[in-house]
Amino acid sequence: MPRLVMKFGGTSVADVQRIRNVAAHVKREIDAGAEVAVVVSAMAGVTNELVGWCKEAGSQFDTAEYDAVVASGELVTAGLLALVLKDIGLKARSWQGWQIPLLTDDVHGSARIAAIDGTRLIQGFKAGEVAVIAGFQGVHKATNRVTTLGRGGSDTSAVALAAAISADRCDIYTDVDGVYTSDPRIVPKARRLDKVSFEEMLEMASLGAKVLQVRSVEVAMVNKVRLHVRSSFDDPARPRLGTLICDEEEIMEQEVVTGIAFSRDEAQITLREVADKPGVAAAIFMPLAEANINVDMIIQVVSDDTTTTDITFTVPAAEYDRAMAILEERRAKIGYAKLHGAQDVVKISAIGVGMRSHSGVAARAFRALAEKGVNIRAITTSEIKFSMLIDEPYTELAVRTLHALYGLDAKA
Ligand code: ADP
Ligand code: ASP
Ligand code: MG
């Protein structure tokens, strides 16, 4: 008997009617003889609202209580889907994270899964029961407190569950019919990919393609979970498999660039006229590291007078204020003339395993953007991707330009 994990995101469970549509997808698999665990997200917009209330509730940001609040969205959808499944004649029950249990560490707000006991879910399958699981949440064993897995974390719940119950497949149902060469909302000519490698998907997700949470791809890669991204908006009677995330070897034709991603979650900081001597970079970046602020792109400008230099780097937009405060506080210690920041920036990235064997891929992008008058503020490259920081108003122009440049546009 095949065993499946089916995950449905926020727009796919946005109201009871959409939940009925989910139930039709589940029924199709049950009728075909599968054992099914369904993982659900909160209804569209609910998690954002819960996060907003937490912020409003107090300056004392207690992450354990934050988790207690934001985990509640998924409880509602799990219960509702179980009700609807029963309504159409199937056996079903809802599961909250702690009931499974799905154990995590205690890093509230972005906990990592430590262990999942699939025994009870499997017992349920034997009794013909669909397991409806609240995604995004778990419990920390020692403190017995509810945790959440970070935004988009239901993807990771689903993939980790698939590994824990040795599922034959994990299907991520969402509002697009697969992984595209770029976000179809920004690039109308984006093409759906039949297959994409784990490595490329990891880069695309970390560089802004939020179709899958980064950790879900990691967990799938390590545990060899067969992972599909597909649409819940397809007719339940005529399902399509969407995009398979798989090993590189499974992909026959490989373009040099597979996808273009972008992230608005960046902010730029520049320190002007910093002393050009050993120890200065450490004086800047150590305090940021100690405050758990992730620095991404770094450029140091070589100055003419050789006594001072400028250093520019990026931090996550959410950490911008904290980073600026730390640097201001250490002004005397670091010794710089001016501190500048910019929040209206975006990081555009091109990803492709083909870059390993082709040179000059990034250089073509620099030229194409220059021709469109887009100024590049910072650049980073690694084996299978390169990223450029540009001004936010140019996002669409830059993403579409690169998409066309690397031959990714769908044929008209
Ligand atoms: P869900 O609520 O189902 O988890 P998300 O909103 O988290 O859905 O992810 C789906 C969205 O990801 C799509 O609507 C799309 O706009 C966006 N997206 C960004 N990059 C891509 C990409 N390369 N391919 C497909 N979708 C993408
Ligand atoms: N509801 C959570 C979020 O919006 C988790 C998820 O949907 O994956 O981030
Ligand atoms: Mg999501």
Side-chain angles (χ1 to χ4, degrees), residues 6-14 18 21-22 25 38-52 54 66-67 69-78 97 109-111 133-138 147-161 171-196 200-217 228-233 242-243 245 257-265 348-352 395-396 399 402-403 408 410:
M6 307 169 76
K7 180 259 172 178
F8 293 87
T11 24
S12 304
V13 294
R18 296 287 322 145
N21 170 69
V22 166
H25 281 285
V38 193
V39 173
V40 287
S41 287
M43 289 174 169
V46 166
T47 309
N48 284 346
E49 186 173 40
L50 295 170
V51 171
C54 286
Y66 165 90
D67 275 353
V69 175
V70 299
S72 66
E74 272 70 11
L75 304 182
V76 176
T77 32
S110 58
I133 295 148
F136 184 49
Q137 57 176 267
T147 54
T148 64
L149 308 179
R151 296 308 304 269
S154 295
D155 297 331
T156 305
S157 310
V159 176
L161 265 159
D171 289 350
I172 305 286
Y173 286 82
T174 181
D175 55 5
V176 275
D177 60 356
V179 176
Y180 277 68
T181 47
S182 193
D183 188 342
R185 288 187 213 204
I186 298 291
V187 184
K189 288 183 180 165
R191 275 189 289 123
R192 193 182 60 78
L193 297 161
D194 284 330
K195 292 180 179 180
V196 55
E200 288 170 319
M201 194 64 237
L202 260 182
E203 291 286 6
M204 281 167 68
S206 358
L207 295 167
K210 67 164 187 168
V211 60
L212 286 175
Q213 196 198 36
V214 180
R215 279 187 198 162
S216 71
V217 187
H228 286 265
V229 174
R230 53 195 297 189
S231 175
S232 75
F233 288 77
T243 301
I245 324 294
V257 171
T258 303
I260 311 293
F262 62 93
S263 165
R264 293 194 167 92
D265 179 35
I348 314 275
S349 307
I351 299 104
T395 309
E396 293 187 4
V399 173
L402 298 193
H403 199 266
L408 299 176

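Remember, it's 1-based here, ligands and their atoms both numbered in the order they're listed.
- Inclusion of S12 in the set of residues having an N or O under 3.5 Å from an N or O of ligand 1 is not warranted.
- The closest approach between G10 and ligand 2 stays at or above 4.0 Å for every heavy atom of the residue.
- Distance alone, capped at 3.5 Å, places no donor-acceptor pair between the E74 side chain and the S41 backbone.
- In this structure, S182 counts as a contact residue of ligand 1, since one of its heavy atoms falls inside 4.0 Å of the ligand.
- Side-chain atoms of L149 and S157, non-hydrogen and from C-beta on, do get closer than 4.5 Å to each other.
- Of the protein's non-hydrogen atoms, S41 OG, 2.9 Å is the one closest to atom 7 (O) of ligand 2.
- For atom 21 (C) of ligand 1, the nearest non-hydrogen atom of the protein is D183 CA, 3.7 Å.
- Annotation: T47 places an N or O atom under 3.5 Å from an N or O atom of ligand 2; distance criterion only.
- Residue contacts with ligand 1: M204 is placed with no nitrogen or oxygen under 3.5 Å of a nitrogen or oxygen of the ligand (distance criterion only).
- In terms of modelled atom types and a separation under 3.5 Å, the side chain of T174 and the main chain of G9 share no donor-acceptor contact.
- Protein heavy atom nearest atom 7 (O) of ligand 1, with residue, atom name and distance: K210 O, 3.5 Å.
- Contact annotation for E74 and ligand 2: only side-chain heavy atoms (C-beta onward) come within less than 4.0 Å of the ligand.
- Taking the six-membered ring for Trp and thresholds of 30 and 60 degrees, Y173 and F8 have nearly parallel ring planes, at less than 30 degrees apart.
- Of the heavy atoms in K7, only side-chain atoms (C-beta onward) come closer than 4.0 Å to ligand 1.
- Among residues two or more places apart in sequence or in another chain, the side-chain contact (heavy atoms from CB on, under 4.5 Å) test is passed with L75 by Q96, A134, Q137.
- A donor-acceptor pair is defined here as one N or O able to donate and one able to accept, closer than 3.5 Å; no such pair exists between the side chain of S349 and the backbone of F262.
- Counting the atoms of ligand 1 from 1 in the order shown, those under 4.0 Å from a heavy atom of Y180 are 22 (C), 23 (N), 24 (N), 25 (C).
- For R18 and F233, the positive end sits near the middle of the six-membered ring, less than 6.0 Å away and at most 45° from its axis.
- For ligand 1, the atoms closer than 4.0 angstrom to any heavy atom of D175 are 10 (C), 11 (C), 13 (C), 14 (O).
- Of all the listed residues (G178, A42, A261, S154), G178 holds the heavy atom that lies closest to atom 25 (C) of ligand 1.
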(request) Starting from the C-alpha separation in whole Å, work towards a yes-or-no answer on side-chain contact (heavy atoms from CB on, under 4.5 Å) for D175 and R185. (result) CA-CA 11 Å; D175 55 5; R185 288 187 213 204; 3.2 Å; yes
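- At least one heavy atom of G152 lies less than 4.0 angstrom from ligand 2.
- Annotation: D155 places no N or O atom under 3.5 Å from an N or O atom of ligand 2; distance criterion only.
- Those atoms of ligand 2 that come under 4.0 Å of a heavy atom in R151, given as number and element, are 3 (C), 4 (O), 9 (O).
- Residue P184 places a heavy atom less than 4.0 Å from ligand 1.
- Summary of contacts: the protein heavy atom closest to atom 2 (O) of ligand 1 is G10 N, 3.1 Å.
- With hydrogens and angles ignored, the 3.5 Å screen pairs a side-chain donor or acceptor of T181 with a backbone N or O of R191.
- At distances below 3.5 Å, at least one donor-acceptor pair connects side-chain atoms of S206 with backbone N or O atoms of L202.
- Between L193 and T243 the shortest heavy-atom distance is O-OG1, 2.5 Å.
- In terms of polar-atom proximity, defined here as any N/O pair under 3.5 Å, F136 makes no such contact with ligand 2.
- Proximity of a side-chain donor or acceptor of Q213 to a complementary backbone N or O of R151 within less than 3.5 Å is detected.
- Ion pair D177/R230 not flagged as a salt bridge, since none of the NZ, NE, NH1 or NH2 atoms sits closer than 4.0 Å to an Asp/Glu carboxylate oxygen.
- With a heavy-atom cut-off of 4.0 Å, R185 touches ligand 1 through its side chain alone.
- Evaluated by nearest non-hydrogen atom to atom 3 (O) of ligand 1, the leading choice among V229, D177, V179, T174 is T174.
- For atom 9 (O) of ligand 1, the nearest non-hydrogen atom from the set I260, V211, V176 comes from V211.
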